[in-house]
Amino acid sequence: MIVAIMAPRSGKTSTLAIPAILAAPGPVLLTSNKAANDAFTATVDARAEVGTIWALDPQQIAHHPREMWWDILADARDLAGAKRLAGHFAAASVDESNGTDFWSTAASNTLGALFLAAASHRRPITDVSAWLASPADRTPVDLLTEAGHEAVAAQLQGTVSGATETRDGIFETARQYASCLLDPEVVAWVTPSPDLPEFKPARFATSRDTLYLLSKDGGGSASAIIAAAADAVMRAAVIVAERSGGRLDPPALCVLDEAANVCRISDLPDLYSHLGSRGVIPMTILQSYRQGQRCWGDAGMDALWSAATIKIVGSGVDDADFADRISRQGGDHEVQTTSVSMSEGGKSTTVSMRTERILPPDVIRALPKGKALLLATGIRVAMLDLKPWYKERSAKVIGATSVRATRAITERAQAKTRDDFGQAA
Ligand SMILES: Nc1ncnc2c1ncn2[C@@H]1O[C@H](COP(=O)(O)OP(=O)(O)O)[C@@H](O)[C@H]1O
Ligand SMILES: [Mg+2]
């Protein structure tokens, strides 16, 4: 279980994500906010040789045609699943520190109730957007009651019939969280499309397929959908593993590149503890420890960091506390110092021992690009030379396919612009 922290442009994707994907023997999931000249283009051809390529690209990062759909409401048919889905939408919009105030909590609960109402009657997720637009609509309350969720129905009824300002505030917050669902192009990827193959997380777990989850960053983006899909895949993989003797063989690799930007699974720290020994290998890639703290809170990031059995710290650590913490974990060593003093009796030499940090914090902060510290369970801190894919022997082939795949993205983008232009004219 891996957590890696490195500054932007320091080789996270080229030295960690891409080599791991190219070496993976089983299914692979990748989240990313980039496609051209990045992990998607560098790995898509190689992965197409071992299994099916599934690309969930609701915001057209790779301009990938919609050739699949995934049922975002499949896991929302029980209250816990519906709440988790609502949590992904909230987490994609607000940092952990703001995620616990009244409006966020109430909006997240309301969104959860609406997801449950839709999912338990196999209604499409577009119904949720419609209900968010008209809070007075009684349909979701009735649907929840019919499905036997009386308590949730009563809670939603309470919100709907409460003070108007409060209700409107809650619904407005919920609308912000779910704003990406207003875009029909986005929603099409996560609603049933009878003529397209359905992506099934449980089947994926035992395949050698690859799932590319691509989204832009930030609130209003489709990153909640990306987080929900990654969460669904990892949870399904654990269930499949438990049913088939304890662990997946070959293991599933889940590379959460740019995790704090596009894959804010709020209970990722907790999920890490479930993934252990199940043959599901998560690799969470962050730009800084602070970025993780903003996303999961101090306690959450601490839990994620502790749960990771392999921690990688690369160049660009710009956080004195974090550098000091790593420095302490690196331990001390005895340094021999010799001092010479002159006196009337002549020259005297004293040898003394002094305890010093093996890796002082300033050395960690000045770590050059291409180097990283490895903190793995059971060994002392090690200094690594990172090996980017483009310096490997296979670089010629992969470089060429990456260029080709990048060109294909550009061509798809241009074709679309031409279509739009054609339609306008
Ligand atoms: N195909 C390549 N050939 C040469 N250098 C590359 C190639 N791809 C990336 N790099 C170099 O590697 C650096 C890190 O890239 P990347 O792994 O994408 O960083 P990160 O994911 O940490 O933002 C880039 O600044 C670039 O100089
Ligand atoms: Mg990257």
Side-chain angles (χ1 to χ4, degrees), residues 2-24 28-47 55 57 59 61-62 210-218 221 223 226-227 230 253-264 282-292 294-295 308 310-319 322-323 326 364-374 383-410:
I2 307 155
V3 173
I5 294 177
M6 266 188 242
R9 313 292 300 152
S10 61
K12 296 185 295 300
T13 305
S14 52
T15 66
L16 300 174
I18 295 173
I21 295 170
L22 293 173
V28 170
L29 173 158
L30 170 81
T31 68
S32 183
N33 55 3
K34 284 188 220 84
N37 296 315
D38 209 75
F40 171 76
T41 50
T43 59
V44 69
D45 281 20
R47 291 296 304 178
D57 186 15
Q59 290 187 307
I61 302 288
T210 311
L211 175 65
Y212 292 103
L213 298 170
L214 306 169
S215 164
K216 292 181 186 163
D217 300 352
S221 76
S223 62
I226 296 317
L253 173 70
C254 303
V255 180
L256 311 183
D257 199 0
E258 300 291 345
N261 291 322
V262 292
C263 190
R264 292 174 155 229
M283 179 190 260
T284 301
I285 303 181
L286 302 168
Q287 294 180 355
S288 65
Y289 193 84
R290 280 224 189 85
Q291 197 190 33
R294 277 197 298 278
C295 188
I310 295 181
K311 306 170 177 67
I312 297 168
V313 179
S315 72
V317 172
D318 187 22
D319 175 340
F322 183 61
I326 301 298
I364 292 169
R365 293 173 73 176
L367 215 59
K369 197 165 146 179
K371 294 269 183 199
L373 297 170
L374 167 72
M383 180 82 84
L384 307 181
D385 287 316
L386 297 170
K387 296 170 76 183
W389 68 268
Y390 53 83
K391 287 193 184 156
E392 296 288 315
R393 233 179 298 152
S394 55
K396 253 201 176 129
V397 179
I398 295 160
T401 57
S402 183
V403 167
R404 209 169 337 118
T406 300
R407 202 179 303 136
I409 293 177
T410 316

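Along the sequence shown, the residues carry numbers beginning at 1. Fair warning: this is a prediction, and the values are worked out from it, not measured in the lab. In each ligand, atom 1 is the first atom listed, and ligand 1 is the first ligand listed.
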Taking [atom] as the reference point, the nearest protein heavy atom with its distance:
atom: atom 11 (C) of ligand 1; answer: Y390 OH, 3.3 Å
atom: atom 14 (C) of ligand 1; answer: G11 N, 3.4 Å
atom: atom 1 (N) of ligand 1; answer: W389 CZ2, 3.5 Å
atom: atom 15 (O) of ligand 1; answer: S14 OG, 3.7 Å

Query - Proximity to ligand 1 by part of K369, non-hydrogen separation under 4.0 Å - result: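 Only the side chain of K369 comes within reach of ligand 1.
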Query raised in the report: If you measure from each non-hydrogen atom of S402 to ligand 1, which part falls under 4.0 Å: side chain, backbone, both or neither?
Result: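 Near ligand 1, S402 shows nothing, with every heavy atom at 4.0 Å or more.
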Requested in this report: Enumerate the atoms of ligand 1 whose separation from the nearest heavy atom of A7 is less than 4.0 angstrom.
Outcome: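 Under 4.0 Å from A7, ligand 1 has these atoms: 22 (O).
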Requested in this report: Would you mind listing which atoms of ligand 1 come within a distance below 4.0 Å of any non-hydrogen atom of K12?
Outcome: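 Listed by number with element, the hits are 17 (O), 19 (O), 20 (P), 21 (O), 22 (O), 23 (O).
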Short side-chain to backbone donor-acceptor contact, [X] and [Y], under 3.5 Å:
X: D45; Y: T401; answer: no
X: S402; Y: I398; answer: no
X: K12; Y: I5; answer: no

Requested in this report: Nearest heavy atom to atom 23 (O) of ligand 1 wins, so pick from R9, Q287, E258.
Outcome: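 Ranked by closest heavy atom to atom 23 (O) of ligand 1, first place is R9.
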Requested in this report: Determine the sole option in L213, V262, L214 for which the side chain to side chain contact (heavy atoms under 4.5 Å, CB included) test with I61 is passed.
Outcome: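 Exactly one option meets the side chain to side chain contact (heavy atoms under 4.5 Å, CB included) with I61, and it is L214.
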Query - Identified side chain to side chain contact (heavy atoms under 4.5 Å, CB included) counterpart of I21 within the set V44, L16, T43 - result: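 Per the side chain to side chain contact (heavy atoms under 4.5 Å, CB included) rule, the option paired with I21 is T43, out of V44, L16, T43.
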Report task. Determine whether any heavy atom of G399 lies closer than 4.0 Å to an atom of ligand 1. Result ->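 Per 4.0 Å heavy-atom rule, G399 does not contact ligand 1.
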Report task. Please step through side chain to side chain contact (heavy atoms under 4.5 Å, CB included) for the pair N261 and Q287, ending with a clear verdict. Result -> CA-CA 10 Å; N261 291 322; Q287 294 180 355; 4.0 Å; yes
Query - Heavy-atom closest pair, residues A308 and K311 - result: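 Nearest pair, atom of A308 first, then K311: O-NZ, 2.9 Å.
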Requested in this report: With D257 as reference, evaluate N33, T284, T13, T31 under the side chain to side chain donor-acceptor pair (under 3.5 Å) test and give the passing residue.
Outcome: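 Among N33, T284, T13, T31, the one that satisfies the side chain to side chain donor-acceptor pair (under 3.5 Å) with D257 is T13.
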Query raised in the report: Has S14 got an N/O/S atom less than 2.8 Å from the Mg ion (ligand 2)?
Result: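 No, S14 does not qualify, because none of its backbone or side-chain N, O or S atoms lies under 2.8 Å.
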